[in-house]
Amino acid sequence: MDFLVFQVPALTAQAILDGILLGILFALIAYGMALQWGVMNIINIAQGELVIMGGYIAYFMYMSGIHPAWGIFVSPIIMYFVGVFIYKLVINKVVDRDMFISILATFGISILMMQLMNFGFGSDVVVAQSNFGTTMLFNNSVTLPNSKIFSAVVSIVCAVLLTIYMKKSKLGRAIRATAQNARAAKILGVDTEKVYASTFGINAALCGVAGALVAITFTLHPYVGLPYTVRSFMIVIVAGLGNLPGVAMSGMGLGVFEEFADYLLGTEFRIATVFFLLVLILVYRRFKLAKTREYLK
């Protein structure tokens with residue numbers, strides 16, 4: 001292990017700042033998963049593929065001569081309708097079924113989306129160049145790509161706007177009512193079918209924004225979606241459903257953890273440490289639930 005990151009303050013600051021900016025983007029993706037999980041009780045295994053598809057929309061704009069940053073406006077619109085289409089085609093048939101059935105269904109969607117993206121865009125690793133430049137801090141000892149700063153700012157704005165929309169709009173109140181008690185909401189006249197479709201569409205739209213940000217910040221290829229799904233799932237189970245501040249803190253914590261793992265173990269072990277951390281969290285939650293379990297006599 002290379003412990004130089006702890007010995008040089010500049011490297012420590014670099015890892016922490018990079019991790020925070022990265023974690024804010026992860027939190028945006030996780031917020032979409034938390035929203036549709038809380039409303040529909042569905043774990044979406046295709047979450048990462050929705051992100052990558054949104055990224056390819058921004059990349060297609062870049063290849064067409066349009067700056068990929070405009071993808072943060074175009075990609076969520078397209079992905080919203082993609083999400084509604086997926087809901088109408090598959091999800092509405094499993095929304096009231098056992099959660100395991102929904103996992104299998106969204107896993108199938110994930111595989112299909114990967115193959116469609118491979119067919120449409122190829123399997124090469126691509127990136128949409130933003131040419132945003134870099135920001136130098138602490139006498140040029142810390143370097144932050146402006147694309148990461150841009151991604152963090154956009155993610156925060158989207159999260160704030162969605163929170164306001166959920167509290168103030170009629171659809172937002174219907175979504176919150178359905179999340180609390182779908183049966184009671186339906187009795188009171190809420191069109192739960194529309195709520196479910198809109199919720200899945202909003203989740204896909206958030207993935208579209210995040211995908212556009214991923215396209216200009218990192219790299220894309222059709223089979224890189226799974227780590228984003230795992231990150232989102234991990235953030236949600238740590239923060240809990242409906243806890244936006246918790247999602248934000250968990251996302252930033254995960255980002256910092258990844259950056260330090262990158263420095264200590266090497267880039268090739270970065271994703272492996274994410275999966276290992278997920279296993280540890282699940283095992284911990286399993287024992288925690290076992291200790292608090294009560295039996296009726």
Side-chain angles (χ1 to χ4, degrees), residues 18-33 44-64 66-80 82-83 110 113-114 116-118 120-132 134 144-159 162 202-236 247-248 251-252 254-256 258-259 262 267 270-271 274:
D18 275 337
I20 289 174
L21 296 177
L22 182 64
I24 292 173
L25 177 57
F26 291 163
L28 178 65
I29 305 171
Y31 188 34
M33 174 176 275
N44 184 16
I45 303 299
Q47 187 80 356
E49 279 65 41
L50 291 173
V51 172
I52 302 306
M53 182 172 284
Y56 271 118
I57 294 172
Y59 176 72
F60 179 79
M61 296 173 63
Y62 167 72
M63 295 301 293
S64 301
I66 304 172
H67 196 283
W70 289 105
I72 64 173
F73 300 105
V74 177
S75 185
I77 295 174
I78 296 175
M79 290 306 299
Y80 176 85
V82 170
S110 169
M113 291 180 68
M114 283 190 288
L116 288 175
M117 288 187 288
N118 185 34
F121 299 98
S123 58
D124 295 336
V125 177
V126 297
V127 62
Q129 298 289 346
S130 63
N131 298 319
F132 280 159
T134 57
L144 295 178
N146 289 336
S147 57
K148 287 187 177 181
I149 299 174
F150 175 76
S151 298
V153 172
V154 172
S155 298
I156 293 171
V157 171
C158 287
L162 182 60
I202 291 172
N203 174 45
L206 289 176
C207 290
V209 176
L213 298 175
V214 167
I216 65 177
T217 308
F218 306 106
T219 58
L220 295 173
H221 67 81
Y223 304 104
V224 77
L226 181 59
Y228 291 100
T229 301
V230 172
R231 288 166 176 141
S232 302
F233 179 73
M234 188 188 312
I235 292 170
V236 172
V247 168
M252 288 187 286
L254 176 61
V256 173
E258 279 196 34
E259 289 297 325
D262 195 328
T267 304
R270 179 173 185 144
I271 301 301
V274 174

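Given the structure is predicted, the values throughout are model-derived calculations rather than measurements.
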Novice: Please find the pair of heavy atoms, one from Gly54 and one from Ser75, that lie closest to each other, and give the distance.
Specialist: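 Here Gly54 and Ser75 meet closest at O-OG, 3.0 Å.
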
Novice: Enter the distance from Ile216:CD1 to Trp70:CH2 here, rounded to the nearest 0.5 Å.
Specialist: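 The distance works out to 12.5 Å.
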
Novice: Please report the C-alpha distance between Ser130 and Ser147 in whole Å, then the side-chain angles of each, then the deciding distance to 0.1 Å, and finally whether the side chain to side chain donor-acceptor pair (under 3.5 Å) criterion is met.
Specialist: CA-CA 7 Å; Ser130 63; Ser147 57; 4.7 Å; no

Novice: For the side chain to side chain contact (heavy atoms under 4.5 Å, CB included) test, which of Val224, Leu25, Val127 pairs with Phe218?
Specialist: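 Considering Val224, Leu25, Val127, a side chain to side chain contact (heavy atoms under 4.5 Å, CB included) with Phe218 is found only for Leu25.
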
Novice: For Glu49 and Ser110, run side chain to side chain donor-acceptor pair (under 3.5 Å): C-alpha distance rounded to whole Å, both residues' side-chain angles, the deciding distance at 0.1 Å, then the answer.
Specialist: CA-CA 6 Å; Glu49 279 65 41; Ser110 169; 2.9 Å; yes

Novice: Out of Ile202, Leu28, Val157, which residue meets the side chain to side chain contact (heavy atoms under 4.5 Å, CB included) rule with Leu162?
Specialist: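 Output: one option passes, namely Ile202.
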
Novice: Keeping the roles fixed (side chain from Ser123, backbone from Asn118), state whether a donor-acceptor pair exists under 3.5 Å.
Specialist: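 Pair absent, no side-chain N/O of Ser123 close to backbone of Asn118.
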
Novice: Quick check on side chain to side chain contact (heavy atoms under 4.5 Å, CB included): which of Asp124, Val51, Val125, Val214 does Leu220 satisfy it with?
Specialist: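 Exactly one option meets the side chain to side chain contact (heavy atoms under 4.5 Å, CB included) with Leu220, and it is Val214.
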
Novice: Any idea how Tyr223 and His221 line up, ring-wise: parallel (<30°), tilted (30 to 60°), or perpendicular (>60°)?
Specialist: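 Tilted, since the angle between the ring planes falls between 30° and 60°.
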
Novice: Which distance, rounded to the nearest 0.5 Å, do you find between the CE of Met53 and the CG of Leu116?
Specialist: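 Met53 atom CE to Leu116 atom CG measures 6.0 Å (nearest 0.5 Å).
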
Novice: Nearest heavy-atom pair of Tyr62 and Pro68: which atoms, and what distance?
Specialist: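 Between these two residues, the closest heavy atoms are CD1-CD, 3.9 Å.
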
Novice: Taking all atoms of both residues into account, what is the closest heavy-atom pair of Ala46 and Met113, and its distance?
Specialist: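 So the minimum-distance heavy-atom pair works out to CB-SD, 4.4 Å.
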
Novice: Mind running side chain to side chain contact (heavy atoms under 4.5 Å, CB included) on Ile52 and Phe121 for me, showing each step along the way?
Specialist: CA-CA 11 Å; Ile52 302 306; Phe121 299 98; over 6 Å; no

Novice: Taking atom CZ as the centre, does Phe73 end up with more than 12 heavy-atom neighbours from other residues, nucleotides or ligands that are less than 6.0 angstrom away?
Specialist: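 Not buried by this count: 12 neighbours or fewer within 6.0 Å.
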
Novice: To the nearest 0.5 angstrom, please state how far the CG atom of Leu213 sits from the CD1 atom of Ile24.
Specialist: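 CD1 of Ile24 is found 11.5 Å from CG of Leu213.
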
Novice: Measure the CD1-CG distance between Ile29 and Leu50 for me, rounded to the nearest 0.5 Å.
Specialist: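 If I round to the nearest 0.5 Å, the distance is 10.5 Å.
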
Novice: Would you indicate whether Phe60, at its atom CZ, is surrounded by more than 12 heavy atoms from other residues, nucleotides or ligands within a distance under 6.0 Å?
Specialist: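 Count not over threshold, so no.
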
Novice: For Pro76 and Gly71, which heavy atoms make the closest approach, and how far apart are they?
Specialist: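 Reported closest heavy-atom pair: CD-O, 3.4 Å.
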
Novice: Distance check, rounded to the nearest 0.5 Å: Ser232 atom OG versus Asn203 atom CG?
Specialist: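 If we round to the nearest 0.5 Å, Ser232:OG and Asn203:CG are 8.5 Å apart.
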
Novice: Can you list every salt bridge (Lys or Arg N to Asp or Glu O under 4.0 Å) pair that touches residues 145-155, not counting sequence neighbours?
Specialist: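 Listed by first then second residue: Asp18-Lys148.
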
Novice: As an exercise, state the distance from CG of Asn146 to OG1 of Thr134, rounded to the nearest 0.5 Å.
Specialist: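 One finds 6.5 Å between CG of Asn146 and OG1 of Thr134.
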
Novice: Is there any salt bridge (Lys or Arg N to Asp or Glu O under 4.0 Å) pair reaching into residues 210-223, and which pairs are they, with sequence neighbours excluded?
Specialist: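 Sorted pair list comes back empty.
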
Novice: Please name all residues satisfying side-chain hydrogen bond (donor to acceptor under 3.5 Å, both in side chains) with Glu258, sequence neighbours left out, ordered by chain then number.
Specialist: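 Applying side-chain hydrogen bond (donor to acceptor under 3.5 Å, both in side chains) to Glu258 gives Arg231, Arg270.
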
Novice: Where do Met33 and Phe233 land on the side chain to side chain contact (heavy atoms under 4.5 Å, CB included) test, with the steps shown first?
Specialist: CA-CA 8 Å; Met33 174 176 275; Phe233 179 73; 4.2 Å; yes

Novice: Pick out which of Val209, Val153, Ile72 makes a side chain to side chain contact (heavy atoms under 4.5 Å, CB included) with Cys158.
Specialist: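 With Cys158 as partner, Val209, Val153, Ile72 yield a single side chain to side chain contact (heavy atoms under 4.5 Å, CB included), made by Val209.
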
Novice: Could you give me the CA-CA distance, side-chain angles and deciding distance for Met63 and Tyr56, then say whether side chain to side chain contact (heavy atoms under 4.5 Å, CB included) is met?
Specialist: CA-CA 10 Å; Met63 295 301 293; Tyr56 271 118; over 6 Å; no

Novice: Can you see which heavy atom on Gln47 is nearest to which on Cys207, and at what distance?
Specialist: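 So the minimum-distance heavy-atom pair works out to NE2-SG, 3.4 Å.
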
Novice: Between Ala27 and Val247, what is the shortest heavy-atom contact and its length?
Specialist: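 Reported closest heavy-atom pair: O-CG1, 3.5 Å.
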
